[in-house]
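Here's a structure for you.
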Amino acid sequence: MSFSPLLSRGAMDILEELQLLTAKTMEKIEVSKHYEIIRELGKGTYGRVDLAIHKTRGTKMALKFLRKKTTKQKSFLQEYCISRYLSSCPYIISMYDIAFETNEYYVFAQEYAVAGDLFDIIPPQVGLSEHTTKRCIYQVALALDYLHNRKLVHRDIKPENILIFDKECRKIKLSDFGMTRIAGTTEKRVSGTIPYTAPELCETSKHSGFLVEYSIDVWAFGVLLFCMMTGNFPWEKALHLDSFYYEFLQWQRYKSTTIPSQWRKFTPHALKMFSKLLSIEPEKRCAIKDVLWYFAKTWLVNKEEPPNADIKTNSDIFAHIKPQGLSLGGGSDNINSNKTETSPSLSFSSCSSYEDVAKDTNSNAILVSTAIEICV
Ligand SMILES: Nc1ncnc2c1ncn2[C@@H]1O[C@H](COP(=O)(O)OP(=O)(O)OP(=O)(O)O)[C@@H](O)[C@H]1O
């Protein structure tokens, strides 16, 4: 199990040591003897996450179960150890020193995010207010900068992997380091294409190799920002055959002077920021920390925000439409016919400034989620 020399020697040693130690000390246990399972928190491609209470300590925690049938022990150890290595960052999910196996699963324990994930609170086709978006995305930027400074690339930035502790996003944490790899290494492309996938990866055929670069996260961060502020994906896939992407491409390459309709709600400052994050050429994309400069600027042309009462808060209404992978709400056939010129704007009225995110770490917010369907 060796890490690339690109990772600093100290960090490499820590990660290798952690993996070896975990592999040696990992016990086989019966979950029901030690934990009371309260409910399922979420499902992913390779397993599920449950809310559990440790029977003797009484601690509430999120247990991530990875199916042995589809997850190699090496991958499990890598995800667990990278998560632990990063978890001292306040914007990254904290970890318990707990990893074990059952007959069917590899399991590790992490801090429980009481309000779920970001996907559930983005109102579909509306988006979050500029204030809430800034407060949230600021913390995501700091988490990614922390990762990138340690020569790691997350590779799976999307709202489902941003865990929230209150619906106003005063406290959020980045999670799911299952795809995280060291910058500069070569990986085989195995995952499918989702709206957050950078164009250079969309063009890479499955199972062929590609270089793991920070610019992959920067692109996904730009798409995430668009989704948060509009409640829509900018495109289904960053490929020429996708008309929304093609329109964006023509505009960015100065072949068309018309701003595509879904980008018209943004100010020139915000558009400048987007063109740096979503630069078609990966080498021209900015570093994550470069977006911090734009936080003092206004991002939305029309900042008028209707009252809180308009927000749908009954997660049951839309709970069934949350995608497991990621797909567009209307299905790919009618994407192009569903183009909206303008979207109504909703926001939370009680948001404080994003600058005070770090102060508010003790939120006991009640879980009220607004499940959404993001579609173009
Ligand atoms: N610590 C946590 N607290 C609360 N909810 C969580 C926690 N961890 C995960 N979840 C929920 O479970 C979902 C799936 O978790 P996670 O992304 O870690 O699984 P995954 O198998 O890696 O998913 P994917 O295949 O999409 O990458 C999350 O989107 C979130 O809704």
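Sequential numbering from 1 along the given sequence is applied to the chain's residues. This one's a predicted model, so the numbers in the text were calculated from it and none came from an experiment. All ligand and atom numbering here is 1-based and tracks the order in the structure.
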Polar contact flag for Glu79 and ligand 1 (N/O pairs, less than 3.5 Å):
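N/O-N/O distance below 3.5 Å does not exist for this pair.
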Show, in sequence, the C-alpha distance, side-chain angles and deciding distance for Glu111 and Ser94, and conclude whether the side-chain hydrogen bond (donor to acceptor under 3.5 Å, both in side chains) test is met.
CA-CA 5 Å; Glu111 156 190 36; Ser94 298; 3.2 Å; yes
Got a sec: does the CD of Glu27 have more than 12 other heavy atoms crowding it under 6.0 Å?
no
Under 4.0 Å, heavy atoms only, figure out whether ligand 1 is touched by the backbone of Arg67, its side chain, both or neither.
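Answer for Arg67: neither.
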Nearest candidate to atom 2 (C) of ligand 1, where distance is taken over non-hydrogen atoms, out of Leu118, Asp117, Leu51, Leu163
Leu163
Atoms of ligand 1 less than 4.0 Å from Gln110 heavy atoms?
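Reading through ligand 1 atom by atom, the close ones are 1 (N), 2 (C), 7 (C), 8 (N).
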Of the backbone atoms (N, CA, C, O) and the side-chain heavy atoms from C-beta on, which set of Leu66 has a member under 4.0 Å from an atom of ligand 1: side chain, backbone, both, or neither?
neither
Find all atoms of ligand 1 within a distance of less than 4.0 Å from any non-hydrogen atom belonging to Asp156, and give their numbers and elements.
27 (O)
Does any N or O of ligand 1 fall below 3.5 Å from an N or O anywhere on Lys158, backbone included?
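By distance alone, the answer is yes.
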In this structure, are over 12 heavy atoms from other groups packed under 6.0 Å from Tyr294 atom OH?
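Buried by this count: over 12 neighbours within 6.0 Å.
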Under 4.0 Å, heavy atoms only, figure out whether ligand 1 is touched by the backbone of Lys64, its side chain, both or neither.
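For Lys64, only side-chain atoms sit under 4.0 Å from ligand 1.
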Other residues, nucleotides, ligands: >12 heavy atoms within 6.0 Å of Glu17 CD:
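Atom CD in Glu17 is not packed in, count stays at 12 or less.
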Gly47 N/O to ligand 1 N/O under 3.5 Å:
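For ligand 1, there is no N or O atom that lies under 3.5 Å from one belonging to Gly47.
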Any Met61 heavy atom less than 4.0 Å from ligand 1:
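Not so, Met61 does not reach ligand 1.
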Record the part of Glu160 in heavy-atom contact with ligand 1 below 4.0 Å; permitted values are side chain, backbone, both and neither.
both
Heavy-atom contacts with Ala113 under 4.0 Å: which atoms of ligand 1 show up? List them by number with element.
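Checking each atom against Ala113, I get 2 (C), 3 (N), 4 (C).
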Give the minimum heavy-atom separation between Gln139 and Cys169, together with the two atoms involved.
NE2-O, 3.0 Å
Is there a nitrogen or oxygen of Tyr112 sitting under 3.5 Å from a nitrogen or oxygen of ligand 1?
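No - when backbone and side-chain N and O of Tyr112 are compared with those of ligand 1, no distance drops under 3.5 Å.
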Locate the shortest heavy-atom distance separating Lys173 from Phe165; write the atom from each residue and the value.
CG-CE1, 3.7 Å
Counting only heavy atoms closer than 4.0 Å, does ligand 1 sit against the backbone of Thr45, its side chain, both, or neither?
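For Thr45, the contact with ligand 1 is made by both the backbone and the side chain.
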Quick check with a 6.0 Å cut-off and a 45 degree axis cone: is Lys289 positioned over the face of Trp293's six-membered ring?
no
Is the charged tip of Lys68 near the ring of Tyr106: under 6.0 Å from the six-membered ring centre and within 45° of its axis?
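Geometry flag: set, cation within 6.0 Å and 45°.
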Does NZ or CZ of Arg67 fall inside the cone over Tyr46's six-membered ring, less than 6.0 Å from its centre and within 45° of the axis?
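Arg67 over Tyr46 ring: no.
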Does the pair Leu225 and Leu277 meet the rule for a side chain to side chain contact (heavy atoms under 4.5 Å, CB included), with working shown?
CA-CA 10 Å; Leu225 188 47; Leu277 291 167; 4.2 Å; yes
Short list, please: which atoms of ligand 1 are under 4.0 Å from a heavy atom of Asn161?
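Near Asn161, the atoms of ligand 1 are 17 (O).
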